[in-house]
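To start, the structure under review is shown below, and the notes come after it.
Heads up: numbering here begins at 1 and tracks the sequence.
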Amino acid sequence: MNEGSKGKVSVLFNFIHDSHVGFLQGKLVTHPCPPYALAWASNSIVAGGCDKKLVAYSKEGQVIQTFDYSRDATEREFTSAVSSPSGQSVVVGSYDRLRVLNWSSRRGLWEEAKPKEIPNLYTITSLAWKRDGSRLCAGTLCGGVEQFDCCLRRTVYKNKFEMTYVGPSQVIVRNLSSGTRVVLKSHYGYEIDEVAWQGSGGNEKFFFENENVCMIFNAGELTLVEYGSNDALGTVRTEFMNPHLISVRLNERKQRGAEDNRKLAYLIDIKTIALVDLVAGYNLHLYDIASSQKTAILNYCSYVQWVPGSDVVVAQNRSNLCVWYNIDSPERVTMFPIKGDIVDLERNEGKTDVIVTEGVNTISYTLDEGLIEFGTAIDDGDHYRAAAFLETLEMSSETEAMWKSLSKLSLEAKQLHIADRCFSALGDIARARFLRDTCDLADQAAKEFVRRRWDQLLQFRARLAMLEKNYKLAEMIYLEQNDVNEAMEMYQALHMWDDCIAVAEAKLAVKCMQPEDVSVLYITQAREQEKEGKYKEAERLYITVDEPDLAITMYKKHKMYEDMIRLVAKYHRDLLADTHLHLGKELEADGRHREAEYHYLEGNDWKATVNMYRGADMWEEAHRVAKMHGGPNAHKHVAYLWAKSLGGEAAVKLLSKFNLVETAIDYATENRTFEFAFELARLAMKQKLPEIHLKHALFLEDEGKFAEAEAEFVKAEKPKEAVLMYVHNQDWDAAQRVSELYDPDSMGDVLVGQARFAFEQKDFQKAEAFLLRAQRPELAVRHYKEAGMWSDAIRICKEYVPARLEQLQLEYETEVTKKGVRGTEAILEQAREWEQAGEYARAVDCYLKVKNIDNQALMEKCWMKAAEISIKFLPPGRSLEVIRIVGPQLISTGKHNAAAELYLNLDLVKEAIDAFIQGEEWNKAKRVAKELDSRYEVYVDDRYKEYLKNQGKVDSLVGVDVMAALDMYAERGQWEKCIETASKQNYKILHKYIALFATHLIKEGRWDRALSLYVQHGTPANPQNFNIYKRIFVEMVNADGLNRADAYHTWADLRDVLHNLCENLVKSSEVNSHEHQEFELMLLIAHYYSVRSASQGLEQLEGVASKLCISLLRHTDLLPADKAFYEAGMAAKAMDWGNSAFIFLNRFLDLVDAIEEGTLDALDHSDFQDTDIPFEVPLPAKQHIPAEKREEVREWVLAVSMDQRVDQVLPQDERGAYEASLIARNSGIHSLPCLITGYPVLRNKIEFKQPGKAANKEDWNKFLMAVKTSHSPECQDVLKFINRWCGGLPSSSFSFQ
């Protein structure tokens, strides 16, 4: 470096050239600042300094790349730099930081890796890289030295070699056993790649004896890899894998005219040596599938590929790029010289490029898209587009070949206009003219009539045959239509005179000879044609005389099978499949396998095709057919057979290719081809060997080859199976031997087998000994049990398997139970034995399981025995369980006292009491409760009461629980007894049951009987009884037949009951309540009804009775309205009060209609304005007046209205108000009702001590006079009631003395 002006520094260079002694010197570049960090890499020089920039210069001094860190505040000046030994990496040091640049050979640029930050390292003053590239050392300003591992990645190969990648193009390989190291480095700076390899289970063998190549053997293939090359040099198949039997020579001796001499010699078989030129590489062949012909079109081919979407082929021959734009003419190839290797082919957006790598550069060669477009058009079948494209090209060898291809394809497609243009372009004027005439003929035929068009169409077909020089076909077409002249003219134009004469003779013969003679003539002529090899002409003659079988025989004789099949398909369709199969066999015998395949497949027999190829050792073809035409597994089976025929590593490689190694092993094993299975497993899947050994052992066992089977079982690591095999065959010594040698744990199986055999021989003692030695006592128990030897089974179980003893005992008892009486005796015997042996728990279990329905006494005895033993010998918990089992069983058999005693033995007082109760031993139950636990006295009493109830012993129940007895009387409907008994109790209890009885009576419609109950026993002011009282009142006022004199006592009873109720209400908390006022009103109504009945018996009081009927109208909100208006109207009519009668009965009829309609909305209240008769009344639920009486009323009302004898106005009094209304219309004064008539008391009133009680003097005196004159007891009773109700009678009143 030389420092220049303004801080710039010149970088100088010098180097030693291979052909000079000394140095070459010169100025490279002038750097902007002193380059303290300077490194020479493989492709450039990297410089950096205090400007915080790194610049990469080419060897000519040009700037390749710049890394600018001047804007990074954390970065400082670059102080040192170093290049890796490979020159692919550069490390630059600054302050606390190392920056790494890696050269990308693909991009041709430096790429920056992630920097290494090292806090507190300070300025890096020097850098040094180890020569092998594995370590980097950095020196710092502070005197420190840091060492870094530069490994990109590290791998270990087969635990033998360690490979350390210290750079993209450098690898260190270390032998782990010896420690020796080898450095692998790319001289061109390329990345080191591994050789592409398709593994097959890791069975490859490597030989490095040859100093130039590595030999790799795998599955019958030898692959050569030249040292320093990333591609395989070559691959051949050979079964002789000894490297000493293989010779490889790479340029060892220079030969004249051969710059590169690489040869390989190897054994194909023991007597054949093959020589391979490794330089020549591969030859490229073109295979025509239709004709089965193969043509070599290129030598030394290293690359070949179809251009996508076309028929263009691209290949490489050494340093030439070869392009076939028309593959139908392989001799016409376009070639370009190239320096590198083709790596890819790209076609995008109408452009096709061949990618070639030349060293580190990649170059693309663009193909002629126009020529490719022609191939695409041909592929698409668009011949017009192909012709239009060729029109744009100048004539050359390529275009000439394309015109020829297009002419052929257009003729096949019957596109004659295009074919005409093709032949014109090729200069074939004769063909072009012939085609033009043919086209004109076709165009004319399209315009003619149908018949004419058909004739011209045949002529068109004949001309096409002539164009293909198939004149016999053209002749046949003409003769089929009897157009002999056209055939003759054709031959004349072609100067084929012999054929013309033959046609003429045939024409003459047909005209002059008989049909039989004509047939003979034609057949004779056909045979002559056949001898001359003119088979089409012969066929035509045979067909003409209807002899297709002779034509078929001819074609078969000459092995022209396509024509034969054509005629069979046309004339014998049903024999077509058989014909194909027959031809297939003949072709197979002749070695014509492809043709035979076609016929076998056409005959739907793909298996015959596969077998044919198998027999000919053409396995690839067999596999192809099976895969294309067989089922999903057919090709797998063929691959298996193919591999079996190869054997060894070749078989493994083949099966690996199809991914069928494991499947083949399984198939071979299933088909007992064990040698092949072992061979495959050893080479490819060692983990399958134990499985194969096992299946082989099973096969040998089935074959009776036990010794061999034993060996296989051992190899399969299944010695126990061998033991079981010998046990099964009762070869005890062998079984014991194998067990001792290989599987001591299976000795038990041997002993078990011996025991089983001993049991079969009835040698029970010996069998038992074997099983006990095998520590399998449960098997001894099972065998004894199966033999019916239960005692021995129980003995063994008790001693060795006590946990299963209870289950065994249950099984024994079940078995014994099935045997009936004999079984019961056996259980008893067993129980006694357990008892004598001190096994009391088991003895109890046996006693409890005795079941003999026919011997109840025996069962009871067993139960008691079980209870006795349990109480004496078993723990309290167990004895309690036993007693709880035995007690219910004794009770179920009627032994209540015995059960109770058992319960008492264990202080089960409750259970004992229940036992006595179930036995109806009430005194004993009470005594036990009283003496042992007084808490149960109430329980016993409750149970006793329940018992009396259930037994219906009510009389006895009265003395124990009178309320329960009363309830029971009520439930049973014994009401008289209930009321009688209740009357002996307190007043509250009595009226509880009176209420229940009254409710019952009302439901049955016997309200009068309910009324008499309260007359007899009084009416308490209990709110819960209010509904009963109301219901009695409602039932009575709705009842029929009570509007007469003899109903007085009924009304009087109701009146007295309600009076008694009101007196009681005055004394209760319900005084002045709504219910109290309602009952007072009911009392007043009942009083009116009773006075009415008393008055109806006396003639002088008829007016009083009528007024009472009218007064009751003001209470129709409580009374049935229709009934009240009827009774009032009829009473007024009887008194000849016409106006009132008419109005009341008319109202009655309105109510009748309303009841029928179900609504009161239509009622007219105008007649009752300014009265106290209510408008809003309940709608009666039914008609209370019979239909005949309703009709009588209707007729009377109609008659009165027609005669107009009455005024429809109610009578008024001195108040100017309705005479029966308690409220004056004008003044609104409310008057008291008269106690006798219910009418308002106005003047001359009689007052009583009880406030609110009064009477009209006139009515009162009239009533008193009637009493005096008639001495009516009913009227006297009325006065007595008034006396009680009103607090006495007036002083001037009647005396009852």
- request: Answer yes or no: is there an ion pair linking Lys1280 with Asp1056, defined by an N-O contact shorter than 4.0 Å?
  value: no
task: Would you please test Asn1244 and Glu1258 for side chain to side chain contact (heavy atoms under 4.5 Å, CB included) and show each step?
output: CA-CA 8 Å; Asn1244 299 324; Glu1258 181 183 356; over 6 Å; no
query: How long is the span from the CG atom in Leu1264 to the CG atom in Leu1289, to the nearest 0.5 Å?
result: 8.0 Å
message: To the closest 0.5 Å, what do you measure between OG (Ser1272) and CG (Leu1101)?
response: 8.5 Å
message: I'd like to know if the side chain of Thr1171 reaches the main chain of Ser1221, judged simply by a donor and an acceptor atom lying under 3.5 Å from each other, with no hydrogens or angles considered.
response: no
message: To check you understand the geometry: which heavy-atom pair defines the closest contact between Val1037 and Leu1118, and what is its length?
response: CG2-O, 4.4 Å
task: Apply side chain to side chain contact (heavy atoms under 4.5 Å, CB included) to His1184 and Asn1038, showing your working.
output: CA-CA 8 Å; His1184 289 83; Asn1038 280 275; 2.6 Å; yes
Side-chain touch Leu1112/Tyr1089, heavy atoms, less than 4.5 angstrom: yes
field: Gap separating the CG atom of Leu1108 from the CD1 atom of Ile1085, nearest 0.5 angstrom
entry: 12.5 Å
- prompt: Tyr1239 and Glu1219: side chain to side chain contact (heavy atoms under 4.5 Å, CB included), yes or no, with the steps?
  reply: CA-CA 7 Å; Tyr1239 271 48; Glu1219 63 179 6; 3.8 Å; yes
- prompt: Under 6.0 Å between the ring centres of Trp1137 and Phe1144?
  reply: no
message: When you measure from the side chain of Asp1172 to the backbone of Leu1222, do you find a donor-acceptor pair of N or O atoms at a distance under 3.5 Å?
response: yes
query: Which pair of heavy atoms, one from Leu1160 and one from Val1177, lies closest together, and at what distance?
result: CD1-O, 3.1 Å
Least distance between heavy atoms, Ser1231 atom then Pro1240 atom: CB-CB, 3.8 Å
Exercise: do Asp1277 and Tyr1048 side chains pair donor with acceptor under 3.5 Å: yes
Side-chain touch Arg1225/Arg1215, heavy atoms, less than 4.5 angstrom: no
message: To the nearest 0.5 Å, what is the distance between CD1 on Ile1282 and CZ on Phe1248?
response: 6.0 Å
message: Working to the nearest 0.5 angstrom, can you tell me the gap between Glu1080 CD and Leu1058 CG?
response: 9.5 Å
- prompt: Which atom pair, heavy atoms only, marks the closest approach of Thr1116 to Ala1124?
  reply: CG2-CB, 3.8 Å
- prompt: Heavy atoms, side chains only, cut-off 4.5 Å: are Asn1283 and Leu1279 in contact?
  reply: no
- request: Look at the side chain of Asn1256 and the backbone N and O of Cys1234, then say whether any donor-acceptor pair between them is shorter than 3.5 Å.
  value: no
message: If the threshold is 4.0 Å, N to carboxylate O, is there a salt bridge linking Arg1092 and Glu1127?
response: yes
query: Step by step, would you call Gln1250 with Trp1285 a side chain to side chain contact (heavy atoms under 4.5 Å, CB included)?
result: CA-CA 8 Å; Gln1250 184 70 27; Trp1285 185 26; 5.9 Å; no
message: I want to check something: taking the side chain as every heavy atom from C-beta on, are Leu1210 and Asp1167 in contact at a cut-off of under 4.5 Å?
response: no
- prompt: Got more than 12 heavy atoms from elsewhere within 6.0 Å of NZ, Lys1030?
  reply: yes
- line: Between the NZ atom in Lys1133 and the CG atom in Leu1145, the distance rounded to the nearest 0.5 Å is 8.0 Å
- prompt: Do Tyr1126 and Val1152 come close enough that some side-chain heavy atom pair is under 4.5 Å?
  reply: no
task: Keeping the roles fixed (side chain from Trp1051, backbone from Leu1042), state whether a donor-acceptor pair exists under 3.5 Å.
output: yes
query: For the residue pair His1115 and Tyr1088, does the interplanar ring angle fall in the parallel (under 30°), tilted (30 to 60°) or perpendicular (over 60°) class?
result: tilted
query: With distance as the sole test, does Lys1107 use its side chain to make a donor-acceptor pair with the main-chain N or O of Ala1220 at under 3.5 Å?
result: no
- prompt: Do you know which of Arg1194, Met1130, Arg1190 makes side-chain contact (heavy atoms from CB on, under 4.5 Å) with Phe1148?
  reply: Arg1190
query: Within the distance-only criterion (no hydrogens, no angle test), does the side chain of Arg1114 pair as donor or acceptor with the backbone N or O of Gly1238 below 3.5 angstrom?
result: yes
message: Working note: Glu1004 + Arg1009, criterion salt bridge (Lys or Arg N to Asp or Glu O under 4.0 Å); need CA distance, chi angles, decisive distance, verdict.
response: CA-CA 10 Å; Glu1004 292 184 348; Arg1009 181 74 181 89; over 6 Å; no
message: Looking at Asp1164 and Ser1166, would you say the former's side chain and the latter's main chain have a donor-acceptor pair under 3.5 Å?
response: yes
message: If only side-chain N and O atoms count, and only distance matters, is there a donor-acceptor pair under 3.5 Å linking Gln1169 with His1165?
response: no
field: Within 6.0 Å of NZ in Lys1257, more than 12 heavy atoms from elsewhere
entry: no
statement: All heavy atoms of Asp1213 vs all of Tyr1218, minimum pair found to be OD2-O, 4.3 Å
- line: Shortest non-hydrogen pair, Ser1090 vs Ala1052, comes out as CB-N, 4.1 Å
- request: Kindly state each residue pair satisfying salt bridge (charged side-chain N to carboxylate O under 4.0 Å, His left out) with at least one member in residues 1065-1077, sequence neighbours excluded.
  value: none
task: Answer whether the closest heavy-atom distance between the side chains of Lys1262 and Gln1100 falls below 4.5 Å.
output: no
task: Taking the side chain as every heavy atom from C-beta outward, state whether Ile1173 and Phe1125 have any pair of such atoms under 4.5 Å apart.
output: yes
message: Just checking Glu1099: does its CD atom have more than 12 heavy atoms from other residues, nucleotides or ligands closer to it than 6.0 angstrom?
response: no
query: For Glu1035, does the CD atom sit with more than 12 other heavy atoms under 6.0 Å from it, leaving out its own atoms?
result: yes
- prompt: Can you tell me if CD on Gln1208 sees more than 12 non-hydrogen neighbours from other groups inside 6.0 Å?
  reply: yes
Validation row: Phe1142, Asp1207 side chains within 4.5 angstrom (heavy atoms): no
- request: Please check if atom CG in Asn1226 has more than 12 non-hydrogen atoms from other residues, nucleotides or ligands closer than 6.0 Å.
  value: yes
task: Examine Phe1033 together with Phe1079 and report whether their ring centres are nearer than 6.0 Å.
output: no
